[in-house]
Asks: 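I have a structure I would like to understand better, so I am pasting it below and will then ask my questions one at a time.
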Number of protein chains: 2
Amino acid sequence: MSKETLHTPYSDLIRDIGMNIKNMANDRLSELGLNAQQGQMLGFIFENQEKGVIQKDLADRFNRKGATITSMLQGLEKKGYIKRIIPEDNERQKKIYLLKKGADLVEEFNKIFTEVEKNITHGLSEAESKIFMELLIKVKATM
Amino acid sequence: MSKETLHTPYSDLIRDIGMNIKNMANDRLSELGLNAQQGQMLGFIFENQEKGVIQKDLADRFNRKGATITSMLQGLEKKGYIKRIIPEDNERQKKIYLLKKGADLVEEFNKIFTEVEKNITHGLSEAESKIFMELLIKVKATM
DNA sequence: ATATAACAGTTAGAATTCTAACTGTCAATA
DNA sequence: TATTGACAGTTAGAATTCTAACTGTTATAT
């Protein structure tokens, strides 16, 4: 009876490393009462609110469906991190603005994400990190 | 006003590639009426059922909580892919067995997972693939 | 031998994300 | 200008996974 075992080392390694990254970030962010997804969203709004961020921009940037963004922003608004305002020139849209409570956290978030990022290549030399980056870019582009 | 943009290229690339892998697998598996998680679970049960797989083994293998495994297996049992039997020597446990309906699909699943796996390194040379693997292993071990 | 702790699994309820159907607004066209 | 289609966002309901509290079984220790 041929019972050939399934071997998918690349899939497994990438999934495991991805989980590690997510867990490291969430462990540290949970002290601030938010998760990684919410933290990145506040950061993006902070960086782009002068250009006028609408919900669709967030859906595109974070690869989430419109309904998901609605639900996330309703939560962030209820907790007082953001406000949503319908602009006069287009009543279909809602522009997103960070409130003080949200802005105060952004620096802290960014510090955490930067530290997690450093941790990924922590065990690699400069040269190895460079190669790793190049290979990741190539893999993403060709698969 | 210092508004330094957050740069996390490694985190982003790994997340994106991971999503790609998951989506490719799910797109193909959905034709069979199951998702990637369920497919891998049936495969693991198939390969190990002679050793006697219990739910805890699945929780460890797939990094899921016991409650999650309970819920997944209840679904697979209801659909007729598996059965769960309390062994005489330890009434706390439930051993998992694949039924014919499940076994019939395992070969198909494995083919899909193997093809997705190949796709990851599809754009890399033999030498690059080898280096990529080594770097992934190192990253996972040191982060 | 009895009490306590560890173990395996289940349930209830929450969080996150999805799809599909919907409302209202704006743009294109004929 | 009236219709039609595209667009932005929302809602309802489903799927997946989690935590916390629970039941019952087995192992350990006093």
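Every chain is numbered from 1, with letters handed out A, B, ... down the list of sequences. As the structure is a prediction and not an experimental result, all values here were calculated from the model.
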Asks: Could you tell me the separation between the CD atom of B/Gln55 and the CG atom of B/Asp60, rounded to the nearest 0.5 Å?
Replies: 12.0 Å

Asks: In whole angstroms, how far is the C1' atom of D/dA15 from the CD atom of B/Gln74?
Replies: 14 Å

Asks: Name the orientation class of the two ring planes belonging to B/Phe62 and B/Phe44 (parallel below 30°, tilted from 30 to 60°, perpendicular beyond 60°).
Replies: perpendicular

Asks: Is there any protein nitrogen or oxygen under 3.5 Å from a nitrogen or oxygen in nucleotides 21-27 of chain C, and what are the pairs?
Replies:
| residue | atom | partner | partner atom | Å |
| --- | --- | --- | --- | --- |
| C/dC26 | OP1 | A/Glu91 | N | 2.9 |

Asks: Can you name the salt bridge (Lys or Arg N to Asp or Glu O under 4.0 Å) partners of A/Lys138, sequence neighbours left out?
Replies: B/Glu128

Asks: Only pairs at least two apart or in different chains count here, so list each salt bridge (Lys or Arg N to Asp or Glu O under 4.0 Å) that has a residue in residues 8-24 of chain B.
Replies: A/Lys140-B/Asp16, B/Asp12-B/Arg15

Asks: If you measure from the Lys or Arg side-chain nitrogens to the Asp or Glu carboxylate oxygens, is any gap between B/Glu77 and B/Arg84 under 4.0 Å?
Replies: yes

Asks: Under 4.0 Å between a side-chain N/O of B/Gln55 and OP1 or OP2 of C/dT10, yes or no?
Replies: yes

Asks: Between B/Lys130 and B/Glu134, does any NZ, NE, NH1 or NH2 come within less than 4.0 Å of an OD or OE carboxylate oxygen?
Replies: yes

Asks: A/Lys118: which residues meet the salt bridge (Lys or Arg N to Asp or Glu O under 4.0 Å) condition with it, sequence neighbours left out?
Replies: none

Asks: Hey, can you pull the residues of residues 19-27 of chain A with a non-hydrogen atom under 4.0 angstrom from DNA chain C?
Replies: none

Asks: Other than B/Ile54, which residues form its hydrophobic cluster under the rule that side-chain heavy atoms must be closer than 4.5 Å?
Replies: none

Asks: With sequence neighbours excluded, what pairs up with B/Tyr97 under the ring pair (Phe, Tyr, Trp, His ring centres under 6.0 Å) test?
Replies: none

Asks: Relative to the 5' end of DNA chain D, which residue comes earlier, B/Gln37 or A/Ile54, by the nucleotide with the nearest heavy atom?
Replies: A/Ile54

Asks: Taking all non-hydrogen atoms of both residues into account, name the closest pair between A/Ile120 and B/Ser11 and its distance.
Replies: CD1-OG, 3.4 Å

Asks: Mind checking what makes salt bridge (Lys or Arg N to Asp or Glu O under 4.0 Å) contact with A/Lys65, not counting sequence neighbours?
Replies: none

Asks: What is the distance, rounded to the nearest whole Å, between atom CD of B/Gln93 and atom C1' of C/dG9?
Replies: 10 Å

Asks: Distance check needed: D/dG9 C1' versus A/Leu58 CG, whole Å only.
Replies: 12 Å

Asks: Hey, does the side chain of A/Asn35 come within less than 4.0 Å of C/dA15's phosphate (OP1/OP2), counting only N and O?
Replies: no

Asks: Per the salt bridge (Lys or Arg N to Asp or Glu O under 4.0 Å) rule, what does the pair list look like for residues 85-99 of chain B, sequence neighbours excluded?
Replies: none

Asks: Specify the residues of residues 76-86 of chain A, ordered by number, for which at least one heavy atom lies under 4.0 angstrom from an atom of DNA chain C.
Replies: none

Asks: For B/Lys100, which residues count as a salt bridge (Lys or Arg N to Asp or Glu O under 4.0 Å) partner, sequence neighbours excluded?
Replies: B/Asp104

Asks: Using a heavy-atom distance cut-off of less than 4.0 Å, which residues of residues 60-72 of chain A contact DNA chain D?
Replies: A/Gly66, A/Ala67, A/Thr70

Asks: Nearest-Å distance, CG (B/Leu73) to P (C/dT11)?
Replies: 13 Å

